[in-house]
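Everything on this sheet refers to the single structure shown next.
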Amino acid sequence: MVDDSLDPELRRRGRGACSNVVGRFERLDRRFEDDGWDRAPEERVLRTELSREVPRRIISYNRSPDLPFDRSINPYRGCEHGCVYCFARPSHAYLGLSPGLDFETKLVARPGAAEALVRELRARRYEVAPIAIGTNTDPYQPIEAGERVMRACLEVLAGCDHPVAIVTKGTLIERDIDLLAPMAAKGLCRVGISVTTLDADLSRRMEPRAPAPKRRLEIIRRLSEAGIPVRVMAAPMVPGLSDHELEAILREGRAAGATSASWIMLRLPREVSPLFQEWLQTHAPGRAARVMGLVREMHGGKEYDANWGQRMRGTGPYAEMVAARFRNAIRRLGLDARQPELRCDLFRPPERVGDQLDLF
């Protein structure tokens, strides 16, 4: 199979992955063959492609003991932010696409998600519990500005007083403060903002199309000023590369208005590991051995351990040291209070056109 995205002369400015590794389900390999024809400069730019799918169902359920929620919504497949470490990259293999450059350039929007959400929330067997959004790909990535799938889903949740927890790096969340602030006032929403590093240069190389670190701190400030509970997420911490910034990230998040905090260690499941190691050799070759040595130390000699209770933080002395630093920092900064539980008692199924309105 010939794949133009493997062209070594293709301009990949603003992309996180360095290559387009074949997904684990593919039987054929991909390689680039030069046919001898010169291409115009504008044809050598790797551009974002968008397709659409209309989902029959939009709520996904999980039973993971590592997660504080049992259901989530993903308005998009793939993510243009291009974070090279993103643990969601392997999900693109289910589409027959690469977890590498395809993940950040061949995106799928899900129009009709709001309509599917209405159907599921109206089901007689539906039992309300907080819905998490942004746990796989970012709902406020750049294409949301035009597609507005997240906005439509949020309007449904706000209209029926359904609790929601959102994780994002995207500035577009500020557009939806008009919905989120009234929900927060009722105890129906909270937000987590991920800050991986405060180093703008490292951020641009590691998460090239995500907002700059200072801009993410500004998101925290604006949401907090609107009365929306915000958690600063030091995630992921890259051992030997960015984990020394843990306390600074928490301190700056607290100064911006965050009231709680969390952290996650770098995870390298499936195709993410070779992609991340390729990135290290390209952007931080002098630290590659140190970073991967610490990763393996925290996962029993492997590059990733998927066991419950270990995959998010790792084990061993180094992981324990980072965890202790986090505990000490949040206690010192007053970020150790748990966020209040989201209310479920206000929920009412979405109304349909023609439904009789309540008189009382």
Side-chain angles (χ1 to χ4, degrees), residues 58-59 68-69 71-76 79 81 109-111 113-118 120-121 128-195 210-211 214-233 235 253-262 335 337-351:
I58 193 66
I59 302 178
F69 57 87
R71 64 199 68 186
S72 60
I73 289 174
N74 291 302
Y76 301 100
C79 185
H81 283 159
R110 310 180 79 187
E115 290 77 6
L117 179 59
V118 168
E120 293 178 64
L121 296 183
V128 62
I131 288 179
I133 309 181
T135 57
N136 195 50
T137 58
D138 201 315
Y140 287 110
Q141 59 180 287
I143 56 173
E144 165 64 13
E147 296 299 311
R148 299 176 68 87
V149 180
M150 175 60 176
R151 173 76 183 191
C153 290
L154 199 57
E155 287 173 343
V156 171
L157 297 174
C160 62
D161 287 335
H162 194 294
V164 63
I166 300 170
V167 173
T168 185
K169 297 182 178 81
T171 58
L172 278 168
I173 192 173
E174 295 170 354
R175 176 202 64 190
D176 292 343
I177 286 177
D178 63 318
L179 295 174
L180 295 171
M183 293 182 75
K186 298 178 182 179
L188 293 172
C189 91
R190 58 178 177 236
V191 174
I193 301 298
S194 173
V195 182
K214 286 185 177 181
R215 186 65 181 86
R216 283 181 237 177
L217 294 172
E218 180 65 12
I219 297 172
I220 294 176
R221 186 187 68 78
R222 293 185 181 184
L223 294 178
S224 178
E225 289 178 349
I228 300 165
V230 185
R231 171 169 50 111
V232 56
M233 304 171 65
R254 179 68 181 89
T259 56
S260 61
S262 63
L335 290 171
R338 289 179 59 88
Q339 288 185 307
E341 295 294 325
L342 295 175
R343 294 185 63 179
C344 295
D345 58 310
L346 300 178
F347 171 73
R348 59 192 186 283
E351 296 174 353

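Throughout, numbering of the chain's residues begins at 1 and tracks the sequence.
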Ala210 versus Lys169, closest heavy-atom pair with distance
CB-CD, 3.9 Å
Between Arg71 and Pro130, the two heavy atoms sitting closest are CG-O, 3.4 Å
Just to verify, what does Arg343 make a side chain to side chain contact (heavy atoms under 4.5 Å, CB included) with, not counting sequence neighbours?
Leu188, Asp345, Leu346
Kindly indicate, with the supporting measurements, whether the criterion salt bridge (charged side-chain N to carboxylate O under 4.0 Å, His left out) is fulfilled by Asp178 and Arg151.
CA-CA 11 Å; Asp178 63 318; Arg151 173 76 183 191; 2.9 Å; yes
Would you indicate whether the side-chain heavy atoms of Ile166 and Met150 approach each other to under 4.5 Å?
yes
Just grab all the ring pair (Phe, Tyr, Trp, His ring centres under 6.0 Å) pairs involving residues 148-170, residues at least two apart or on different chains.
Tyr126-His162, His162-Phe347
Main chain of Cys79, side chain of Thr137: is a donor-acceptor contact present, judged purely on distance under 3.5 Å?
no
Just how far is it from atom OG of Ser260 to atom CZ of Arg254, taken to the nearest 0.5 Å?
10.0 Å
Name all pairs fulfilling the salt bridge (charged side-chain N to carboxylate O under 4.0 Å, His left out) condition that reach into residues 132-144, sequence neighbours left out, sorted by first residue then second.
Glu144-Arg175
When you measure from the side chain of Ser194 to the backbone of Ala235, do you find a donor-acceptor pair of N or O atoms at a distance under 3.5 Å?
yes
From CG (Asp176) to OG1 (Thr168), nearest 0.5 Å
10.0 Å
List in chain and number order the residues that pass side chain to side chain donor-acceptor pair (under 3.5 Å) with Ser262, two or more places apart in sequence or in another chain; answer none if no residue qualifies.
Arg231
State plainly whether the residues Arg348 and Glu351 are in salt-bridge range, i.e. N to O under 4.0 Å.
no
Nearest atoms (heavy-atom pairs only) where Leu179 meets Pro182:
O-CD, 3.4 Å
Which heavy atom in Tyr76 sits nearest to a heavy atom in Glu147, and how many Å separate them?
OH-CB, 3.3 Å
So, for Ser224 and Ala256, which heavy atoms are closest and what is the spacing to 0.1 Å?
CB-O, 4.3 Å
Side chains of Met183 and Pro163: closer than 4.5 Å at any heavy-atom pair?
no
A side-chain contact here means heavy atoms from C-beta on lying under 4.5 Å apart; do Asn136 and Ser72 qualify?
no
Please name the residue in the list Asn74, Val191, Leu157 that meets the side chain to side chain contact (heavy atoms under 4.5 Å, CB included) test with Ile133.
Leu157
Taking all non-hydrogen atoms of both residues into account, name the closest pair between Cys153 and Leu117 and its distance.
O-CD2, 3.8 Å
Measuring from atom CD1 of Ile58 to atom CD of Glu115, what distance do you get when rounded to the nearest 0.5 angstrom?
10.5 Å
Sorted by chain and number, sequence neighbours left out, side chain to side chain donor-acceptor pair (under 3.5 Å) with Gln141 holds for none
At what distance, to the nearest 0.5 angstrom, does CD1 of Ile228 lie from CD1 of Ile177?
5.0 Å
Return the CD1 to CZ distance between Ile131 and Phe69, rounded to the nearest 0.5 Å.
11.5 Å
Who passes side chain to side chain donor-acceptor pair (under 3.5 Å) against Glu174, sequence neighbours left out?
Arg215, Arg222
Salt bridge check: are Glu225 and Arg221 linked by an N-O gap of less than 4.0 Å?
yes
CD1 of Ile193 to CD1 of Ile219, rounded to nearest 0.5 Å, is 5.0 Å
